[in-house]
Peer 1: 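Submitted below is the structure of interest, expressed as C-alpha cells.
Chain letters run A, B, ... following the sequence lines, proteins first and then strands; every chain starts at 1.
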Amino acid sequence: MSTLRVDEVSVRFGALVALDAVSFTVEPGTVHAVIGPNGAGKSTCLNVLSGVYRPDAGRVYLDDRELTRLRPHHIARLGIARTFQNIEVSGAETVEDNLMLGRHHLMRPRLAATAFGLPSVAREERRHRTRVREIADFLGLSAALDRPAALLPYGLRKRLELARALAMEPRLLLLDEPVAGMDGAETAEMADVILRVRTELGVTVVLVEHDMGMVTRIADRVTVLDFGRRIFDGSPAAMAADPAVVEAYLGGAPSSTKEPA
Amino acid sequence: MSDRLNRLMPKAGWVAAVIVLLALPLYVDGFWLSAGLVAMAAAVGAVGLTLLVGAAGQLSFAHAFFLAVGAYGYACFSGEPGAATLGLGLPPALGAALAIAVTGALGLAFSPVASRLRGIYLGVASLSLVFVGQHLLHNLTGVTGGFNGRDTPMFTLAGFDVTGSEPPVTVAGVPFGATERLWYLGLVALAGAGVIARNLLRGRTGRALRMVRDSEVAAAVLGVDVRRSKATAFVVSSMFAGAAGVLSALALDRVVPDYFGLLLSVEFLAMIVIGGLGSVGGAVTGAAFVTLLPIVLARYSGVLPLVADAGSGGVDAAVLARFCYGAAVVLVILIQPDGLAGLGRRLRARLGPAVPSLQEST
C-alpha cells in the first residue's frame with residue numbers, strides 16, 4: 001500500500017495563484033475527497049498529482065518517491081491512474097479497444113514483433129483482452145464491449161473512463177468529478193462503484209467533486225480548497241461543522257445552530 | 001446459413017482480388033501494368049503516410065523528400081561503380097534494404113522536431129525538408145545526376161532479373177518481360193506494407209497513436225510516452241516512403257528531381273484523405289485513384305470531350321485529373337469524412353447482419 005503526500009504545492013498561472021502551498025496526505029485504502037467552490041484549484045491539484053502540470057513550488061511523494069519531476073507517463077507507470085472531467089475517450093474506438101489502452105504500460109513495447117505479427121504478440125494481446133473483459137464485467141460494461149465509445153450514453157461513457165483507468169491496475173485512482181452532470185440515480189450508482197473499487201480491488205481513491213452529498217456519503221477524509229488555499233482537512237462530519245467551509249460554500253457567516261449532516 | 005455466408009463473403013472477395021491481380025499480366029498490356037506499378041508504389045507510400053497523418057494526427061509534407069531518399073538511395077547503393085554518378089554496386093535487394101534503412105535513419109534524425117510539434121505545426125516544419133531535398137537533388141550532381149536525374153539500376157534476385165528479361169520466362173504463351181516481373185515484386189511489396197501497417201494499427205502501437213491524436217494529455221496519463229509515439233510514427237512512416245521510393249524508381253526506370261517536389265507530397269495527402277484517414281485499404285484505394293486518374297484521362301483524351309492534348313494549351317489530362325481529385329477531396333471532407341473506406345464500411349453494414357442494439361443485447 002502506498003501513501004500519497006502533497007507537500008506545500010503551489011501553482012501560479014501568471015498573476016493568478018491557482019494553488020497556494022497546499023498540503024494533504026492520502027492514506028492507503030481510503031477514499032479522499034478534494035472539494036471546493038468553482039475555481040478553488042481542485043482540477044489544478046489533480047493535474048499536479050498526475051504530472052500534467054509541474055508545480056512552481058512544493059513536492060508530491062508516493063511513499064518515498066518524488067513525483068513532481070516525472071513526466072505524466074512515468075507517473076502512470078508507477079500505478080497512478082486518472083479520469084477527466086470532460087471524458088477523454090476515443091469515440092471512434094470500441095469500448096474494448098479503449099479499455100485495452102489502459103493496458104498499454106503493462107504490455108511489452110515490441111514494434112518489430114507487432115509489425116510482423118509474431119504469435120507471441122497475439123498471445124499477449126489475447127491475455128490482456130481477457131482481463132479487460134473482466135474489468136468491463138466488474139463495471140457492467142460487458143454488453144457494450146463492441147460498440148464505438150461515442151455511441152454510449154453519457155453515464156456509460158463516464159463509467160468507461162473509470163474502467164479504462166482500472167484497466168491500468170492502479171494503486172491510486174484520481175477521479176475528476178466522476179458524477180458531474182449525472183442525475184440522482186446515476187450518482188448513487190457511481191458512488192457504489194467507487195466504494196466497490198476501494199473495498200474489492202483495494203485501490204486508494206482521490207476524488208475531486210462538486211457534489212457535497214456524494215462526498216459526505218463515501219469519503220473517509222476531505223480536503224477543502226478555496227481560492228487555492230487549503231481551508232479544511234479532516235473527516236466529512238467535522239467538515240460540515242467547520243465555519244470556514246460553510247462560509248466558503250454559502251458565502252456568509254455560519255448560522256450558529258447548523259448541525260453536522 | 002446466411003450468417004456463414006456473410007462471414008465467407010469478405011474472404012471470398014479477398015481471394016478473388018488476389019487471383020485477379022496475380023493473373024493480370026497474362027491479359028493486360030504493358031501500358032496498364034506500368035500504370036499499375038506506379039499506383040502500387042504510391043500505395044505503399046500512402047499506407048505509410050496514413051499511419052502518421054491518419055492514426056497519429058500528425059501532418060507531414062516531407063513524404064516526397066523521404067521517397068526521394070529511398071529512390072536515390074537505391075540508385076546509389078546498387079548503381080554501377082565507376083559511372084558518372086556515385087554507385088556502390090551492392091546487390092539490389094541489399095541496396096533496397098539499405099535505402100529503406102537510410103530513410104528511417106533520416107526520419108529518426110528529424111524526429112526531435114516531429115515529436116515536439118503537433119498536427120499542422122509539423123506540417124509547416126516538414127515543408128523545409130522538401131525544399132532542402134529539392135536543392136540537394138539539383139545540386140549534388142555527383143550523387144543525383146542533377147536536373148536530368150539518373151537511371152535506376154536493374155533489380156536482380158539471385159541471378160533472376162526482376163527488371164530485365166534474363167532468364168526468359170513464358171507463362172501461358174505470354175513472354176514475361178521486365179514489366180510483368182516487376183508487377184509481382186510490386187504486389188509482394190504492397191502486400192507486405194499492407195500487412196505490416198494493419199498489424200501496427202490494430203495493436204498496442206496503433207491504439208496509442210490514435211489516443212495521442214485524440215488527446216495528448218489523456219494518452220500521457222495512460223502511460224503512453226507521447227513524444228516517443230510521435231517519433232515512432234514519423235520514423236515508420238518515412239521507412240514506408242523509402243520503400244515506395246525504391247519501387248517508384250524501379251517502376252519509372254529513371255529518377256529525376258522534379259518528380260519528388262511538393263506536388264507529390266500534396267498528392268499523397270490527397271490519396272489518404274480520399275481513401276479515408278487511418279485506413280490501410282483506404283490509402284491503397286486513394287493511391288490508385290490519384291495516380292491512375294491522370295493516366296486514364298491522358299489515354300482517352302482523344303475520345304473524351306474537353307480534354308486537350310498535352311502541351312496544346314488547353315486543359316490537358318494532368319490538369320483535369322488534378323481538378324478531379326481536388327473536387328474529390330472537398331467532397332470527401334464535406335460529405336464523407338471517413339473517405340472511401342468509410343463508404344465501404346457503411347455498405348458492408350447495410351448488406352451484412354444487423355448489429356443488435358444495446359438494449360436488446362443486455
Side-chain angles (χ1 to χ4, degrees), chain A residues 46-47 50-52 71-84 86-93 97-98 100-118 121-122 124-125 128 140 142-147 151-153 156 161 164-165 167-168 174, chain B residues 47-48 51 54-55 57 104 192-229 231-233 235-236 239-240 276-279 337-338 341-342 345 349 355-362:
Chain A
L46 221 52
N47 281 334
S50 55
V52 177
R71 285 170 62 200
H73 64 271
H74 286 130
I75 292 179
R77 288 168 194 177
L78 289 176
I80 299 185
R82 74 166 284 186
T83 64
F84 293 86
N86 322 304
I87 314 170
E88 298 275 7
V89 295
S90 282
E93 309 272 310
D97 278 346
N98 267 292
M100 281 297 281
L101 207 54
R103 309 299 288 180
H104 182 86
H105 72 116
L106 302 167
M107 297 174 80
R108 277 155 51 208
R110 291 179 301 174
L111 189 68
T114 309
F116 295 109
L118 297 192
V121 174
E124 189 185 32
E125 182 96 1
H128 285 284
S142 293
L145 276 173
D146 297 330
R147 313 223 125 212
L151 295 187
L152 297 188
L156 280 189
E161 213 193 12
R164 187 182 64 188
M168 296 170 72
L174 313 175
Chain B
V47 166
L51 284 175
V195 168
I196 288 173
R198 222 173 65 136
N199 286 342
L200 287 175
L201 284 174
R202 285 188 173 181
R204 179 182 184 269
T205 316
R207 286 191 294 266
L209 289 182
R210 288 187 294 266
M211 193 71 238
V212 166
R213 174 196 65 195
D214 292 348
S215 163
E216 288 193 2
V217 172
V221 303
L222 284 162
V224 176
D225 186 339
V226 172
R227 275 187 217 161
R228 201 194 167 94
S229 282
T232 304
V235 171
V236 171
M239 289 174 81
F240 273 83
L277 285 174
S279 151
D338 294 336
R345 267 197 298 278
V355 185
S357 81
L358 203 53
Q359 277 74 20
E360 284 170 80
S361 53
T362 40

Peer 1: Tell me the closest heavy-atom pair linking A:Ala76 and B:Ala220, and the distance in Å.
Peer 2: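 Heavy atoms only, the tightest pair is CB-O, 4.1 Å.
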Peer 1: Tell me the closest heavy-atom pair linking A:Ser90 and B:Met211, and the distance in Å.
Peer 2: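 Heavy atoms of A:Ser90 and B:Met211 come nearest at OG-SD, 3.6 Å.
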Peer 1: Side chain, backbone, both or neither: which part of B:Arg202 has a non-hydrogen atom closer than 4.5 Å to chain A?
Peer 2: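 Backbone only.
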Peer 1: Please say whether more than 12 non-hydrogen atoms of neighbouring residues, nucleotides or ligands are located less than 6.0 Å from CZ in B:Arg198.
Peer 2: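 Not buried by this count: 12 neighbours or fewer within 6.0 Å.
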Peer 1: Closest approach of B:Ala218 and A:Glu88, non-hydrogen atoms and distance?
Peer 2: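 Distance-wise, the nearest heavy atoms are CB-CB, 3.7 Å.
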Peer 1: For chain A, which of B:Leu200, B:Asp225, B:Val195 has the most heavy-atom pairs under 4.5 Å?
Peer 2: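 Counting heavy-atom pairs under 4.5 Å, the top option is B:Asp225.
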Peer 1: Search all heavy atoms of A:Phe116 against all heavy atoms of B:Asn199 and return the closest pair with its distance.
Peer 2: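 Where A:Phe116 meets B:Asn199 most closely, the heavy atoms are C-ND2, 3.8 Å.
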Peer 1: Between A:Met100 and chain B, which part of the residue has a heavy atom less than 4.5 Å away: side chain, backbone, both or neither?
Peer 2: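 Contact with chain B involves both backbone and side-chain atoms of A:Met100.
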Peer 1: Given the options B:Asp214, B:Val224, B:Thr232, which has more heavy-atom pairs under 4.5 Å with chain A than any of the others?
Peer 2: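 Among B:Asp214, B:Val224, B:Thr232, the one with the most close pairs to chain A is B:Val224.
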Peer 1: Tell me, do B:Leu222 and A:Met168 make a side-chain contact under 4.5 Å, heavy atoms counted?
Peer 2: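 With C-beta onward as the side chain, the pair touches.
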Peer 1: Without placing hydrogens or testing angles, list every side-chain donor-acceptor pair under 3.5 Å for residues 107-115 of chain A, not counting sequence neighbours.
Peer 2:
residue: A:Arg110; atom: NH1; partner: A:Ser120; partner atom: OG; Å: 3.4
residue: A:Arg110; atom: NH2; partner: A:Glu124; partner atom: OE1; Å: 3.3
residue: A:Thr114; atom: OG1; partner: A:Arg110; partner atom: O; Å: 2.5

Peer 1: A:His128: which residues meet the side-chain hydrogen bond (donor to acceptor under 3.5 Å, both in side chains) condition with it, sequence neighbours left out?
Peer 2: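 Scan of A:His128 (side-chain hydrogen bond (donor to acceptor under 3.5 Å, both in side chains), adjacent residues dropped) gives A:Arg103.
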Peer 1: So do A:His73 and B:Arg228 actually touch side chain to side chain, heavy atoms under 4.5 Å?
Peer 2: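 Answer no - side chains too far apart.
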Peer 1: Any idea which of A:Glu161, A:Arg82, A:His74, A:His105 has the most non-hydrogen atom pairs under 4.5 angstrom with chain B?
Peer 2: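 Greatest number of close heavy-atom pairs with chain B: A:Arg82.
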